[in-house]
Amino acid sequence: MAEEVKLLKTWSSPFGLRAFWILKLKGVQFDFIDEDLSNKSPLLLQSNPVYKKVPVLIHNGKPISESLVILEYVDETWKQNPLLPEDPYERARARFWAKFGDDKVLASIWNAFIKQGKEQEEAIGLAIETLKFLEEELKEKRFFGGEKIGLADLALGWLANLIGVFEEVIGVNLIEKERFPLLSAWMQEFAEAPVIKESWPPHEKLVTKFRAMREPYVAAAAQPK
């Protein structure tokens with residue numbers, strides 16, 4: 001019996017892209033639906049009643065939520081092209097960097113993105129300090145997963161795309177080649193990998209979206225205190 005695999009995501013979500021990438025890398029046949037989060041479908045609300053957000057992977061009628069959970073589920077379910085190493089220590093390290101990406105890297109860069117003036121300068125400084133950990137981790141490595149794309153690369157892959165969008169919107173370079181040569185090289189190679197390259201959302205459309213997302217923060221900062 002043919003397996004039924006469906007992915008609920010949005011066109012712009014970096015979290016949905018993770019799930020999309022791993023299914024493509026595994027060669028899994030699947031359908032996807034780009035949700036309108038201003039008018040969430042009954043399928044999304046039914047599949048993820050707790051958080052009511054994307055991505056959601058539906059495998060033979062069973063929903064799996066949260067992008068990092070989906071990555072591990074897919075890697076365990078479809079054994080071809082494993083994304084996690086066999087060694088338990090290395091597996092733990094991959095999970096650590098994936099979580100670090102969400103908890104520290106994404107959070108610090110988003111904070112720099114939405115701040116203004118001196119607060120933004122301070123936030124950028126904190127983001128740069130956080131990024132230094134990734135630069136250090138890439139020493140003598142082609143990817144975070146070693147010589148090939150692994151789970152941590154997929155988790156951190158949004159950097160290869162959204163950093164350029166954020167930099168264009170705020171007019172500040174966050175990842176400069178001189179300061180982050182290894183991270184910059186990784187971003188370029190990851191972005192150009194065939195499965196990855198063909199799935200990026202349109203750059204200008206992303207710039208428009210994130211500029212609009214930033215405007216309320218800018219407006220709030222401009223209000224007299």
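These values consider heavy atoms only, across backbone and side chains, with no hydrogens, waters or symmetry-generated copies.
Aromatic ring centres of Phe20 and Phe30 lie closer together than 6.0 Å. Residues Trp158 and Phe15 keep their aromatic ring centres 6.0 Å or farther apart.
Applying the ring-ring contact (aromatic ring centres under 6.0 Å, His included) criterion to Trp21, with sequence neighbours excluded, gives Phe190, Trp200. Applying the side chain to side chain contact (heavy atoms under 4.5 Å, CB included) rule to Arg93 yields the partners Tyr89, Glu90, Trp97, Glu137; only residues at least two apart in sequence or on another chain are considered. In this view, Glu136 and Lys139 satisfy the salt bridge (charged side-chain N to carboxylate O under 4.0 Å, His left out) rule, not counting sequence neighbours. The side chain to side chain contact (heavy atoms under 4.5 Å, CB included) search around Gln116 returns Arg214, Val218, Ala221, not counting sequence neighbours. In this view, Gln188 satisfies the side chain to side chain contact (heavy atoms under 4.5 Å, CB included) rule with no residue, not counting sequence neighbours.
Within 6.0 Å of the CZ atom in Phe96, the count of heavy atoms belonging to other residues, nucleotides or ligands exceeds 12. Environment of CZ in Arg179: sparse, with no more than 12 heavy atoms of neighbouring residues, nucleotides or ligands closer than 6.0 Å. Atom CD of Gln80 has more than 12 neighbouring heavy atoms from other residues, nucleotides or ligands inside a 6.0 Å radius. In Lys141, the NZ atom is crowded: over 12 heavy atoms of neighbouring residues, nucleotides or ligands sit closer than 6.0 Å. Heavy-atom contacts from other residues, nucleotides or ligands closer than 6.0 Å to NZ of Lys24 number 12 or fewer.
Taking all atoms of both residues into account, the shortest heavy-atom contact from Ser12 to Lys209 is OG-CE, 3.0 Å. Between Ala160 and Met187, the shortest heavy-atom contact is CB-O, 3.5 Å.
Residues Lys148 and Asp153 are not paired through a salt bridge, judged by the lack of any N-O separation under 4.0 Å between the basic side chain and the carboxylate. Salt bridge Glu121/Lys118: absent, no basic N to carboxylate O contact under 4.0 Å.
Two residues are said to be in side-chain contact when any heavy atoms from C-beta on lie closer than 4.5 Å; Val56 and Ile58 meet this criterion. No side-chain heavy atom of Leu84 sits less than 4.5 Å from a side-chain heavy atom of Leu71. Contact of the Leu134 side chain with the Leu159 side chain is registered, since non-hydrogen atoms from C-beta on lie closer than 4.5 Å.
Between the side chains of Glu3 and His59, at least one donor N or O sits under 3.5 Å from an acceptor N or O.
Residues Leu8 and Tyr73 fall into different hydrophobic clusters, defined by Ile, Leu, Val, Met, Phe, Trp and Tyr side chains chained together at heavy-atom separations under 4.5 Å.
Each salt bridge (charged side-chain N to carboxylate O under 4.0 Å, His left out) pair with one or both residues in residues 31-50, not counting sequence neighbours, appears once here: Lys9-Asp34.
Taken from CD1 in Ile109 to CD1 in Ile175, the straight-line distance is 5.5 Å, to the nearest 0.5 Å.
Figure legend: cation-pi geometry between Lys53 and Tyr51, with NZ or CZ positioned under 6.0 Å from the six-membered ring centre and within 45° of its axis.
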